[in-house]
Structure formats: C-alpha cells, structure tokens
Amino acid sequence: MTRIALQLLLRRLLLAIPILLCVSALVFVILRLLPADPIAMSLPPGATPEDVERLKRDFGLDRSIPAQYFIWLGKLLTGDLGTSIFFRRGVGELVSRALPATIELVAAGLTLGVILGVAGGLAMFAKRGTAAEQAIDLSTTGLMAIPEFLWAILLILFLGVAFPLLPFIGRLDPAVTLPPTITGFLLLDSLLSGRWDALRSALAHLVLPSLALAIGLAPLVMRVLRSSLLETILEDYITQARLRGIGERRILIGHALKNAALPTISLIGVQGGFMFGGTVLVEMIFAYPGLGNLMVDAVRNHDLPVIQAVALIYCVLVLAINAIVDVIYLAANPKLRAAS
Amino acid sequence: MTVVLEAKGLAVSTTAGGRTVDVLRNIDLSLAPGRVLGLVGESGAGKSMIGRVIARNLPGAFSVSRGALHFDGRDLLTISDRDRLALLGRDIAFIPQEPLTALNPTLTIAQQFGEHLERLGVPRGERRARIVSALAEVRLRDPQTLLDRYPFQLSGGMCQRVLIAMAFAGRPKLIVADEPTTALDVSTQAHIVQIIRRMQRDTGTALLFITHDLRLAAHVCDEIMVLYAGDMIERGPARSIINNPRHPYTRALLAANPALSGPRLRLASLPDQMPAISAFADLPGCRFAPRCPVRDPACAAGGFEPLSLGDGHIARCAPGCLSGETQAIAPTALAPWPVARSDAPVLQVDNLSKRYGGGRTLFGAETPGVNAVLPMSLSVRPGEFVGVVGESGSGKSTLARLVMGLEPPTSGAIRIDGKDVTKDAPQARVIRLDALQMVFQDPQSALNPRRPVQSLVTQAMESPRRRADAVTRLSRAKALLTETGLAPEMLDRYPAQLSGGQKQRVNIARALCVTPRLLVADEIVSGLDVSVQAQILNLLLDLREARDIGLLFISHDLAVVRYLCARVIVMQNGAVVEEGVTEEVFAAPQHPYTRALLAAVPPDDVDQPWPVEAA
Amino acid sequence: MSPRAAAALRRCAQSPRVIVAAIILIAAIAVALFAPFLAPHSPQDQDLINTLLPPMWAVGGDPSYPLGTDTLGRCILSRLIYGARVALYVAFVAATGAMLLGAALALLASYFGGWVDWIVSRMVDIWMAFPPVVLALILLVGMGAGVNKVILAIVLIDWTRFCRVIRSEGIVVMKRDYIAAARLSSFTNLQIMLKELLPAVSPLLITLLSLEMGIAVIVEAIMSFVGLSVEPDVAAWGVMIADARQTMNQAPWGVIFPVFAIFLLVLAFNLMGDGLRRALDTRLLISRGAA
C-alpha cells in the first residue's frame, strides 16, 4: 500500500511539472496582453518618462515576452519569486506570510464542509422516500444558489453585525499579541507556544470565513453521498448480503458506505481545489490576510510579479490537494490498488 | 415423508394499467429433503418470482395475494421479519445469477465469508480454517491464496464457487439457485452444475433450481415444473417431462431447441412471444392460447384444473388439446446443410492476427500485450454458412471486428472477391461494405434509441454514396420489414417499443439494406429466449434460400452452430484449434478443447449421465 | 418525435422544479426587457438629500423609493431592475459560448480518441489546476475590465465544465454498437458525430447549459463586486453589493436586496438544471460551485 501510494505521488509529481510549466507560461502570456502600464500606475504623478524607463529596465519589462518568461523561470528555480512593483518588496516575503493563513482557512473550511456534508448525506439517506428528504433536498438546492462570497457577506451581516457573536475582521483580535512565529500557522504556533488567548481568538476569527466556504461544499457532498448510497444499495452484492440474513445497519456500514464513499472522495478532491478559488473573495471580505487578499490587491494595482507568483502557488495548492485525495481514494479502492 | 418447502395455490399480484393481475398463480409445489426441483421457463415466466417470495424480496409493486407457502413447517408468508432474517443464510441460502456482481468489490473473500461465518456462530479463531476447507470443498485450487483477494481478481466461475461454498456453509435445509450458470462460459457451467449437485447430494439439502434451459434441468433435477406467463403449466418427474411432454408449450419448447446429435430437424418456432404482464389482464383463461397450435376457443375463455396424467405428471391444459393433434408441433426434417459450391470465396482471410498493447511506454519499458487473435485463415463462399465457436476471450468477436474493418489487424490480409481490403482506405471500404454487413450482438446497444425503425433499417441511405429521397427510403424500409418478418406497423416504432426478437430482426434488416453477399453475425441469438431464437435461426435459413446470402456465424452455442452451419471453426485463446465440416467435427472431435466444449453441453438423451465427474 | 423524447418533455412539463424555475426566469426576462417601463427612476439618478433610505414599509421609508436608496441616493429597486439586464445577458451569452466551445472539443476528443483526446484532456488538466476565480482575475487583468471581457473570460474558463462531462459521456456512447453500425453504413465522421453522438449527449448538454447560466451569473457578480466588470455608469448587482457593503451597519437593505436577486436567479437556473437532469434521466456529476 505505502509503496503504491508513493508511486502514485511520484507520478503525480512528474505530471505536475509540465502542468505548472504550462500554467506559468499561460499566466505570463495573458498578463502581457495588459493594456495598461503597471509601472506608470505605481509611480507618483510627478515621475518623468526617464523614471518609467529605468523602472521598466529594473523589472525587465523592456525585453521580449519569451525572454522575460525565461528570466522569471530561471529566478523561480533559485527560489526568487521576483519583486512586487507596488510594495517594492520581495514577492517571496509577501507570499510566505499569506500562504499559511490561506492553508489554515481551507483546511478548516474543508473539514467543516465534509463533516456537515457527510452528516447531511447520511441523514438524507436515512430519511429516503419521506417528506423530510424532499425538504432537505430542496434546501440544499437553495443553499447551492448562494456563492461563497455572498455567504461571507450574509454571515457578517447576521452573526457579525445584527447579532455580534463572532469577529469578522482579520485573523486575530487587535488586543491579542501575535504568538511567536514557529511554523507560520497561527493555530499551530499558538498551540506550540501555549498561547491559549491567541488560539481562542484565532479560532473565533476562523469560524465565519471557514463556514462561508463550508456552506458551499456541504450540499454537494450531501447530494453525491446520498445518490451514491441510493445506487449502491441496488447492487447485487447488497441483495446477496441481505439474502445471507445480514441486518440493514450492518449492510449500510459494512457494505454500502465503503463503496458509496468513492464518488464522494473524488468530488471532495475536485471541490477542495476549487475552494482555494472561493477563498479569494472570502479573504477579501473578511480582511483575512491570506493569498486571496494579496491577489485582489495585486489585481487592483496591476502588480504583475505578485499576480504571477500567487497564481502559480494556487495551482500548486490545487495539485497538492488533488494528490492527497488521490492517495485517500487509492486507500479506499482496492480495485485501483490491484491495478497498479 | 417430510417436506422442506411447500406451496399451495400461491399467487403474486400487481397492478398493470389500473387492473390487478396475477403475475404468478396457482403454484403448487412440495420439495422434500435431498430432492431437486427445477423451475423452467422463458424470461417473464415468473420463475424467479418464486425465489423472491421465499426471500420476501418482491419488487415494490408486487405482493402475495393468495395461497400458502411453508418452509420446514413454518408459514413464510406471516413469519416476522426478524424470524425470516434468522432463517436466511442459515436454513435458506441463495446462489445468485451474476457471481461477479454478487460479491462486494471492496471486501476480500475472507472478509465477506468471515462475516457470514460470524453470523453462523463460528468463533473468530476458526474462521480462516473453515473458509479454506469450504473453498477446497468446491474444488477451488490453493484456497489459502484466495483469502485476501478481492472478487474482481477472480474469474466468474471462481466467484460462483465462493458463493456456492458460502451458501452451503450453514448446512441449510433449502438452497435456491437462480440461473446459477447463465452468466458463465459453457465449460465452466458444467463444473458449477456438478459442484452444486455433489454438495447438494452430500448434505441432503433440498434444491430449487431455476433455469431457462429445459435440457439442463432434465439432467440436474428430480422433478421439473414448467412455467408460462405466471402459470404452472406442467409438472412431473424430469424424465417424464422430457421424454413425454404433454402440454403444447412444453412440446414447443423442446422442439425449438436445436439438438447436438441425431437428425437435423427444422425448429418449430411458435409465433410471437410470451405476453407481457400488461397483457395478462386480457387473458383470463389459458395464457398460452393465443400462440397455441392446437388451441380451441374454450381455452382462452376459462380456467381448468390441472389434469393428473399419472406418476406425478400433471398438466394444466384442456383434455382435448393434450390428447389431440400433437402433429401440429412435431418438427419437420430439414434439408441437408447448404453445400459449399466451388465458387470463388466472397471473403478470404489470410494469417490475420490482432495484438493489443504490447508497445513501449514513454520510458522505454515494454508493456505486456494481449494476443486477441493469433494468425488465422478462413474463407467463406457465396451462400455458405460458416460457424466460429469459442468461449469469451477466444477472440471470436475481435475476428468479426477485424473482418468488418472496425479495427485494424496487426498482420495478415483480408480479401473480398480477391481484392485486398486489409487497409481501411476509402476505396477498400466501399468494396468491403458493399459485400459485407454485420449484425450486432446486443440490439439494445446496436440500435440508436432515438431513431424509429424505418430510419434504422435504411440508415445506409443517409451515407453520401447512397443518399436517397424519403419515398425511396420508405418503400425500401417496407420491403426490408416484410423480408425479416416484421409487421408494417413497426415502421414508426422506436427500439424501446420493440421486443428482443423484434429488435434483432430490425438489426438484421438494417444489415440487409445494402444487399450484402455475406453477413457477419456476432452472438446474435445469445440474449434471446429459445422460442424467439428459433424464429431468428429460421429467418437466417430463409434468407439464404431467398438471397443466396453467406453467413459468418459467431457463437458460443454449439447446438445453434450445428443447426445453421456446414463448416465450423473452433477457437480458443485467439487460436484456431480445430476446423472442418460441422457434422464431422462434432461427431469425432480431435482437439481436447473441442471435446471439452461438447462434453459441457447437456446431452439430448436424459439417460446419458451428465455432467461427467472430472478428475 | 420519439416517444422517449415526448415522455421526457412531459416529465419536464410536470416537474415542479422546472415549473417554478420557468416562472422565475420568465419574470426575470420580462423585467430585464421592460426595465425602462418598470423602473420608477433612472438607475443613475442621484438624490443626495435622500441617501440610505430604508424600504418604503420601514420607518422613515419613502414610497417613491420602494426598496430605499443607496449612499448616493439612487433608487435600489431601479438599479436591481436594470441589473437584471446585465446578469441575464452574461448568463445567456457566456453559457452558450462555453457550451459551444466545450462540447465541440469534447465531441472531437471522444470521437477521434488517440492524440486528439490526449491534447484535449491535457488542456483540461491544465485548466483544472486553476481555481476558476483566479483564472478569471488573471484574464481580466490581461484583457482589461468590461462586461464583454467577463463573458469572454467565462467562455475561456468554463468550457472545461462541458468538456469533461460530455467527453466522458461521449466515450461511453462511442462504445455502443450503433456507432459501429453507422460506420458500416458508410457514414462520414461528421455525420456520425452530429447524427449519432451529439443527440446521445444532448440531454446532458441542455442540463449543463442551465447550470452554467447560474454559474455565469455568479461569476459576473463576483467580477463586478471587485470592479472588473461593468462600466461605472451601469447598474449591476455585484456593484450594488460592493457599494452597500461599506454602509452595511446602517443600511443592511442595500446588501440584502441584490443578494436576494442573485439568489433567486441562480436558484431558478439550478432548479431548471436539476429538474431537467431528473426528467431527461441524465446521470451527471452534481454541478460544482462557481469558485
């Protein structure tokens, strides 16, 4: 099992390299279509054309697009993500602060979404054929009609403004001092340094944004799990298990769930990747200092080096989630294990 | 004498078109320990329904409406769910039809079998040993190595053995086996039947054996009950049913079954097919009456009591019919096989082979290939019927696809009228498709569900080369329907509105549209009931008479091949192992595989012991 | 019409989901078409004396502004009505464009297989590595802002949604013997694709189209929310939400109405898709979110 899993990860990694090369080239080309001049935008009104030329040279923007790309790629391989035009700081530094925040948010959103989704899916299955199932089904359709960024706004409106129960700005209460940076992950650092006040505040700040993401995921998980359970219990082997006198509960847990989980796992893989897209606006709305916030600012300022780098990191994150879910799928599906 | 299972006047009903109809009625049976009762009928006869009543596993809209059903002295119709659950697996066990899907793909053999043993009260420590001995009992080799395998890593025959071992593990009083061999290859079928029979004899279990194959039932069962459209029409000792069938339907069923030995008789094919459940309400009396060759008007109107014919042989039919004109169903002798004329062959295949995969990966590692067809040669002359026989994986279907140009061959040559068409170039395709057409195996898949019949049968006239106006197409469609024995009303029907036999006729009609000289037919009767199969086989013989058309007939069924084809080619694992004149090959098979195939078919003579216990 | 198609149509017409969705959509289309007659004010008219008015039924409401006003004193109802034009325009054009591109590539990939399929599949792989919102932002930075750019971005991003599903369904259909039979009837490749393959995947296509329209509405709202879609003088729901967010504490209505409008329209498209999926008996993955 471990050997097969490692093989799979290796194959995934080999496949990721050409994908990331294509992605980065694609991003590069698209951004060079830009009608506006990012340099001119970042300079004060009094700047001379010479200033602009000098800066363009500094950022390498005076070369041909392929040349720019290969310079950028070469620097990337040495770990240099370039310099932000707007902040005049290393992109690497900006990203390294934002990345753990986003990963923490997605991890929380994914966990919450899967828990809610699986619970809901099982509930729907248990109530199959009743009016309750119909009601849950309709409400999931309703839930799915509201995208993450609107959930973010609605949650702030109800749980932040109307009934101020939870904080909705940033990652930490301004009154709480930052725990020492050990891993960069706020929750982990608070835990490791025993800063319970920071942990509590960070958790409270995570509830609303992760909930906004989770509400987007949960109905999908519910529906897929429910429909694959309904399909699975019609299979021959379920009938045959019933004919051996095995009880319904045992059939559900021991026979049906294991098979029905497979489509749900692949759904979570795809959706987990998309959740990073959801964080972009959710982070912006909650002023949560992650990659999404960085991205939106960079888009507004036409900060090309930052956009390039952040886009690439998003792709790495998506591919990583896909790889993790692949391993889980492999562990759950003996047929796949036998094939490789 | 004790009785394990007893049914009296059992009826199962449902509603169809607002009316209540009996889908099963007047079922009387009793089964003693150690005895085997065969339930025989074509699809839709209601034979599986009886097993479902026993398991209380009827589909939603069906329910038992009358009668009684007792198992081991307990009333199965009123027993509580809890008590019924306690009986299942312990006292009543089931052997399924589709072994590959009847085992959970995410659990190992040991896990599933272990769960069953846990229910039977076998202590955890003893389970693995018990499984190993149970698997050895069903003649599975190296049972130890199977324990941690998953079902999809085993063949269908192996899965069925595992399921048989599980069924017998609780030493049940009754086993219900529903078409346990239908999904398996011919040679595996015989082994499975043999194992079930031996285990059943050794344990003294009563066996309810459900099958569509009357001849198979005759060899397996002590008693046979023949069902038609939910009615028990004949019941009696197996030998008596086969040697002296009394009901016209039973006689027709036997006469529709091609034989492997003896004189070749034209199959007596009943018109039409078994009525669907929706038609039951309009058949108050004998449901067979509309198709019965000796019917009298009284039959269709009223019911009649079963007639005892002595020796436990019972038939539900009017006395007049039973005694009357048996001649009406008696088979007529058939002209000898079409003789191969000395004409030049239409189709000639030289050293044709097909290998899948076997390339190199990106990194230069060799991947293992599969030889679907090893180099082989064959030729078919005008008007000649050639059979290709083999089990699944023998390469016979690949051969058909190669001949038709649906797949490129790895090596070899295909010639039509002496012209090379091996490469699928436009020129070659024109020559090939003017001479050759294909009838596909599964009409469900071969007929586009969105086209009506008239568009299907003349779809070749949509091709740029044959484009025709609507009037021409319609008249062509009408002619094709007449030729294939379909009523003109069918023109505007869609595949979903046709029966299996009708679909296969449309399938044939479409192939005839371009007036080919040779048909390639891949397993075209394997999905059909015996009486419908007989209709299609006779249609092919008639087409030969009318059109002088040749046929490359691919089948796993030796008896059907003998009925149609003058020459036969036997394939195994992609290779031709034997070929020659059908009668000679079947009478004196040279290759061990041909002998094994022939031995696997239940013989026509009930007194000939079968299956022969192999070493 | 085949009885199968007739039965599917009957099931559609009887599906409560489809009926509710159709009512909402017809109403929305009517509102968008007749916006100048329905809106009490011009969507851009500012009334700086009456800013942040609550809806007419709340305390301090003004009947001439039925749903109140925003920070600049613009009529919320009028802006909602005109916003429907943008949302529906983007929904229909972008979803159709994405369908045409995605379905064409999917048909080619599933019909020809081999290297054609390889290239299309690798393209999908690359596209799937981007979270759609991120790709949309990049495209709009590159191409510049504007409604038509948003539409182009949606087409260039969401063709994969069609392509993935239609391709895998197409591969299943290609294994059917009736495709081989069409080949043996000397059909041309184009004939087989259009007469045999396309009709088989069309129920799926229609269902996906409906779901994609909902997604397009959301993407447009996101892009106008971050200021990358409509011109400043055009009313769009995303712009309204972004504007009203600043004053959410005093005037929550400014946010709630446009959110509700988006919800209703997306719900209608989803209900339609859901109803069609059931009625046309297509087994497909449940739509993924817009992000």
Side-chain angles (χ1 to χ4, degrees), chain A residues 15-16 18-20 22-23 26-27 29-36 141-142 144-150 153-154 156-157 161-162 216-217 219-220 223-224 227 263 267 270-271 273-281 284-285 295-296 298-300 302 304 307 310-311 314-315 317-319 322, chain C residues 16-17 122-123 125-144 156 164 214-215 217-219 221-222 225-228 238 241-242 244-245 248-249 252 255-256 258-260 262-271 273-274 283 285-291:
Chain A
L15 229 90
I19 289 183
L20 288 175
C22 292
V23 161
L26 200 66
V27 172
V29 171
I30 295 171
L31 290 180
R32 290 318 181 269
L33 298 171
L34 189 63
T141 312
M144 289 200 303
I146 302 179
E148 286 100 336
F149 87 105
L150 293 185
I153 291 173
L154 290 177
I156 291 178
L157 201 59
V161 177
L217 176 63
L220 296 172
R223 291 186 150 204
V224 170
S227 62
L267 172 94
V270 176
Q271 291 300 326
F274 289 135
M275 194 175 266
F276 284 105
T279 57
V280 174
L281 281 154
M284 174 199 153
I285 290 164
M295 179 81 176
V296 173
V299 165
R300 291 205 168 128
H302 288 177
L304 300 191
I307 298 179
V310 174
Y314 272 123
C315 293
L317 290 173
V318 169
L319 293 175
N322 289 346
Chain C
R17 284 182 173 77
R122 293 298 81 75
M123 268 169 73
D125 280 350
I126 292 169
W127 255 250
M128 294 287 290
F130 280 106
V133 168
V134 174
L135 186 52
L137 288 174
I138 295 168
L139 279 170
L140 289 174
V141 169
M143 300 187 299
L156 289 178
R164 280 193 320 152
I215 291 170
V217 170
I218 291 173
V219 174
I222 291 176
F225 183 77
V226 295
L228 288 173
I241 296 171
R245 197 163 75 93
M248 202 156 66
N249 294 341
V255 170
I256 289 173
V259 168
F260 185 71
I262 295 173
F263 164 74
L264 209 58
L265 192 55
V266 175
L267 179 72
F269 284 125
N270 286 0
L271 278 177
D274 221 28
R283 287 153 127 261
L285 278 178
I286 287 154
S287 71
R288 55 191 228 221

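Below, chains carry the letters A, B, ... as their sequence lines are ordered, and counting in each starts from 1.
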Considering non-hydrogen atoms only, spot the tightest contact between [X] and [Y] and give its length.
X	Y	value
A:G142	C:F263	O-CE1, 3.3 Å
A:G273	C:P131	O-CG, 4.2 Å
C:P252	A:L157	CB-CD1, 3.9 Å
A:L319	C:A129	CD2-CB, 4.1 Å

Inset, instruction - Could you walk me through whether A:M284 and C:V226 pass side-chain contact (heavy atoms from CB on, under 4.5 Å), step by step? - result: CA-CA 10 Å; A:M284 174 199 153; C:V226 295; 3.9 Å; yes
Region of [X] in contact with chain A, defined by heavy-atom distances below 4.5 Å:
X	result
C:R17	side chain
C:A136	neither
C:L264	neither
C:N249	both
C:L228	side chain
C:I256	side chain

Inset, instruction - Could you have a look at A:V161, A:L31, A:V23, A:V296 and say which one has the most heavy-atom pairs with chain C under 4.5 angstrom? - result: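 Top option by heavy-atom pairs under 4.5 Å: A:V23.
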Legend entry - Contacting moiety of A:I285, where chain C heavy atoms sit under 4.5 Å: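 It is both, since atoms from each part get that close.
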To the nearest 0.5 Å, what is the distance between [atom1] on [X] and [atom2] on [Y]?
X	Y	atom1	atom2	value
C:F130	A:I19	CZ	CD1	11.0 Å
A:I30	C:M143	CD1	CE	8.0 Å
A:L281	C:L137	CG	CG	7.0 Å

Non-hydrogen side-chain atoms of [X] and [Y] separated by less than 4.5 Å:
X	Y	answer
A:T141	C:L267	yes
C:V259	A:L154	yes
C:V134	A:F276	no

Legend entry - Member of A:I307, A:V310, A:V299 meeting the side chain to side chain contact (heavy atoms under 4.5 Å, CB included) criterion with C:I138: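 By the side chain to side chain contact (heavy atoms under 4.5 Å, CB included) criterion, C:I138 pairs with just one of A:I307, A:V310, A:V299: A:I307.
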Legend entry - chain A interface, residue from C:D274, C:L135, C:V255 that has the most non-hydrogen pairs under 4.5 Å: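 Greatest number of close heavy-atom pairs with chain A: C:D274.
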Legend entry - Partner set under ring-ring contact (aromatic ring centres under 6.0 Å, His included) for A:F149, not counting sequence neighbours: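 Expected list: C:F225.
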